[in-house]
Amino acid sequence: MTPLDLLRPTRGDRLVCPYCYTRFTERLILFRCGGRPGPDGRRCAPVEDTAIRLHLGRRERLPPVFAADGRRARALCPDCGVSTGAQVCVTCHARLPVNFGRIPGRLIALVGAREAGKTVFMTVLIHELMHRVGARFQASVGGSDDHTRHRFHTDYESPLYDDARLLGATRRTGVAREPLVFRFTSRRRGPLGRRPRHTLLSFFDTAGEDLTTEASVETNLRYLDNADGIILLLDPLRMRGAHAEAAPGTPPPRDRSDHPPLDMLSRVTDLLLRRTGSPSRLIPVPMAVCLTKLDVFHDALDPGSPLRRPQPDSPYFDESDSRDVHAQIRRLLHRWDGGRIDAHITNHYAEARYFGVSALGHAPDAEQRLQGGVRPYRVADPFLWMLGGFGVVPSREGRS
Ligand SMILES: Nc1nc2c(ncn2[C@@H]2O[C@H](COP(=O)(O)OP(=O)(O)OP(=O)(O)O)[C@@H](O)[C@H]2O)c(=O)[nH]1
Ligand SMILES: [Mg+2]
Ligand SMILES: [Zn+2]
Ligand SMILES: [Zn+2]
C-alpha cells in the first residue's frame with residue numbers, strides 16, 4: 001500500500017457527483033424518464049429542470065426525474081410506466097455515467113490566481129491526454145457525456161488548436177459553472193487477462209477572480225473539499241525575482257493589481273484545513289504545485305537542468321525524473337520567491353510535488369495569437385503523478 005492508497009476517499013456507498021461534487025449514497029441516485037409513450041399511450045412531457053439550471057447554469061426542458069432504488073440499473077417511471085436506465089445526480093440532476101456506482105471516479109480541481117494559465121493548461125492537458133498520452137499508456141480518453149464533448153471541442157479545443165487564438169479570461173458565474181468530465185480507459189493485466197479499466201476524471205477550472213478574496217474562495221469550497229487531487233498553478237512572472245530572468249521582451253502581467261501567489265495559496269490552504277478538521281495535521285489531499293509558462297525562462301535555465309530534458313515518453317510515470325524536476329523547481333522557488341511558497345507547502349501538505357510546465361511552448365504575440373501552434377512541454381506530468389498515486393497508471397524509477 002502506498003501512502004496515497006490510505007488517502008483514497010471511502011467509496012462504495014459514498015459517491016461524489018463529478019458535475020456538482022456533492023456526496024450521496026448509491027441508493028439515492030434518481031432516474032429520468034425517457035419521455036417516450038408508455039404501454040397505455042401516456043407520455044411524460046418535458047419540463048424545465050430547475051436543478052440543472054441552478055447547479056449547472058443550463059436551461060433545459062427534459063422529461064421529469066423520479067426517485068427509485070438507485071442501486072438498480074433501471075427503474076419504471078411512476079407516471080407513464082416506461083422503464084428507464086438514465087440515472088441522474090440527486091442534487092444537480094446531471095446524467096450520471098453508465099455504471100457510475102462501479103467506476104472509480106477521480107475529481108481533480110485546478111486552482112490558481114487570475115491569469116496563471118489554468119484554462120490554457122486544462123485545454124492542452126485534455127488534448128494531450130486524448131492524443132499523445134493516450135498512445136503512450138495505450139489508453140483512450142474521451143468526454144463522458146455529450147455536453148462535455150461538445151463544450152470541450154467548441155469552447156476550448158477549437159479556438160486554441162484550429163484558430164490559434166487564446167481564450168479570454170474565465171468569468172465568474174456565481175454558482176453555476178460546470179466541470180468537464182472525461183473517461184480514461186486503460187487495459188491492465190489482471191488474473192483474467194487484459195481487462196479494460198475505467199476512471200472518471202472531472203476537471204473544474206476555477207476563475208482566478210474567485211480566488212482573490214476570502215469570501216469568493218468559499219464558492220469553490222465544495223470543489224476543493226471533495227477533490228481527490230488538486231493541481232495548483234503558479235505563474236512565476238508574479239514572483240518578485242523572476243521577471244528579471246524572463247525572455248527579453250516578456251510583457252509584465254497585464255493585471256497589475258497585487259495578488260502574490262502566496263496569498264492565493266494561503267487562502268486555499270485555509271479552506272483545506274477546515275476539511276481536515278484538525279489544524280495540527282498535514283493536509284492529506286495530493287497537491288501538485290505547478291509553475292506555468294516555463295518557456296519564458298528556457299534560456300535562463302542551465303543546460304543540464306531537468307527542465308531542458310525532453311519530456312518523458314515511457315509507458316510509466318518516471319519517478320526519478322519527477323524528483324529531479326521537483327528539486328529544480330524548489331531551487332527556482334527559493335531564487336524567485338525567497339522560499340516562502342516552499343516553506344508554506346512543506347509545513348501544510350503531506351503529499352506535495354513540484355512541477356514545471358509550458359502548455360503553449362512559446363509566448364503568444366501581442367494580439368494573443370499563437371504563431372506556430374501549440375507545443376506543450378511536460379503538461380501531463382502533474383496529472384500522471386496523481387494517476388500513478390491512484391494506481392491508474394504504473395509508476396516506476398526511470399533511467400535518468
Ligand atoms: N508564454 C506562455 N504564456 C502562457 C502560457 N499559458 C498561458 N499563457 C498566457 O497567460 C494568459 C492567461 O492564460 P489563461 O489560461 O487564460 O489563464 P487563467 O488562469 O485561465 O485566467 P483566468 O481565467 O482569468 O483566471 C494567456 O492569455 C497567455 O497569454 C504558456 O504556456 N506560455
Ligand atoms: Mg481561465
Ligand atoms: Zn451533481
Ligand atoms: Zn415517465
Side-chain angles (χ1 to χ4, degrees), residues 15-24 28-30 49 51-52 54-56 58 65 87-97 100 105 107 110-125 145 155-156 159-160 164-173 175-179 181 202-212 216 220 222-223 226 231-238 246-247 249-255 257 259 261 264 290-298 356-370 372 374-379:
L15 301 171
V16 180
C17 171
Y19 298 94
C20 69
Y21 287 43
T22 53
R23 284 178 186 273
F24 49 85
L28 292 177
I29 290 175
L30 303 176
D49 190 318
I52 285 204
L54 188 69
H55 294 279
L56 307 178
R58 269 196 255 159
V65 156
Q87 296 189 314
V88 302
C89 167
V90 194
T91 308
C92 71
H93 290 184
R95 172 79 186 260
L96 295 171
F100 174 66
L107 312 181
L110 207 55
V111 294
R114 204 180 296 168
E115 298 230 328
K118 297 177 295 296
T119 301
V120 167
F121 173 85
M122 184 180 83
T123 307
V124 175
L125 169 63
D145 59 280
D155 297 352
Y156 294 87
L160 189 58
R165 175 163 60 78
L166 284 159
L167 313 129
T170 308
R171 284 288 148 239
R172 179 162 150 198
T173 50
V175 277
R177 218 178 32 254
E178 197 179 348
V181 182
S202 168
F203 293 95
F204 180 66
D205 174 14
T206 49
E209 47 187 338
D210 290 347
L211 293 163
T212 50
S216 53
N220 288 292
R222 200 153 28 96
Y223 293 91
N226 287 313
I231 299 181
L232 174 85
L233 299 186
L234 298 175
D235 181 353
L237 288 169
R238 288 290 175 88
T250 301
R254 268 173 298 162
D255 167 23
S257 60
H259 294 301
M264 190 271 314
C290 204
L291 295 195
T292 55
K293 313 183 187 178
L294 270 199
D295 53 281
V296 171
F297 299 95
H298 185 267
V357 305
S358 167
L360 299 175
H362 54 114
D365 66 17
E367 275 80 53
Q368 286 288 76
R369 301 204 139 258
L370 198 60
V374 182
R375 298 198 296 265
Y377 180 64
R378 291 187 180 275
V379 260

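Both counts, for ligands and for their atoms, begin at 1 and track the order of listing.
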Legend entry - Atom indices of ligand 1 within 4.0 angstrom of A363 heavy atoms, with elements: 1 (N)

Inset, instruction - Run the numbers for me: atoms of ligand 1, each under 4.0 Å from some heavy atom of R114, listed by number. - result: 24 (O), 25 (O)

Legend entry - All ring pair (Phe, Tyr, Trp, His ring centres under 6.0 Å) counterparts of Y377, not counting sequence neighbours: none

Just go through [options] and tell me whose heavy atom is the nearest to [atom].
atom	options	value
atom 4 (C) of ligand 1	L166, L360, L370, V296	L360
atom 2 (C) of ligand 1	D235, D295, T292	D295
atom 20 (O) of ligand 1	V111, T119, L237	T119
atom 29 (O) of ligand 1	Q368, R375, R165	Q368

Inset, instruction - Flag the pair K293 and D235 as a salt bridge only when some basic side-chain nitrogen lies within less than 4.0 angstrom of an acidic carboxylate oxygen. - result: yes

Is there a donor-acceptor pair closer than 3.5 Å between any side-chain N or O of [X] and the backbone N or O of [Y]?
X	Y	value
T250	A246	no
S202	L107	no
R375	G372	yes

Inset, instruction - Could you tell me if any non-hydrogen atom of S358 lies under 4.0 Å from any atom of ligand 1? - result: yes

Distance-minimising heavy-atom pair for [X] and [Y]:
X	Y	result
L234	P261	CD2-CB, 3.7 Å
K118	L233	CA-CD1, 3.5 Å
Y19	R95	CE1-O, 3.6 Å

Can you find an N or O of [X] that's nearer than 3.5 Å to an N or O of ligand 1?
X	value
G117	yes
P364	no
F121	no

Inset, instruction - State, without any angle test, whether H362 and D295 hold a side-chain donor-acceptor pair at a distance under 3.5 Å. - result: no

Legend entry - CG on L237 to OG1 on T292, rounded to 0.5 Å: 7.5 Å

Inset, instruction - Take L232 and M264 through the test side-chain contact (heavy atoms from CB on, under 4.5 Å) and record every step on the way to the result. - result: CA-CA 10 Å; L232 174 85; M264 190 271 314; 3.7 Å; yes

Inset, instruction - Only protein N/O/S atoms count here: give how many lie under 2.8 Å from the Zn ion (ligand 3). - result: 4

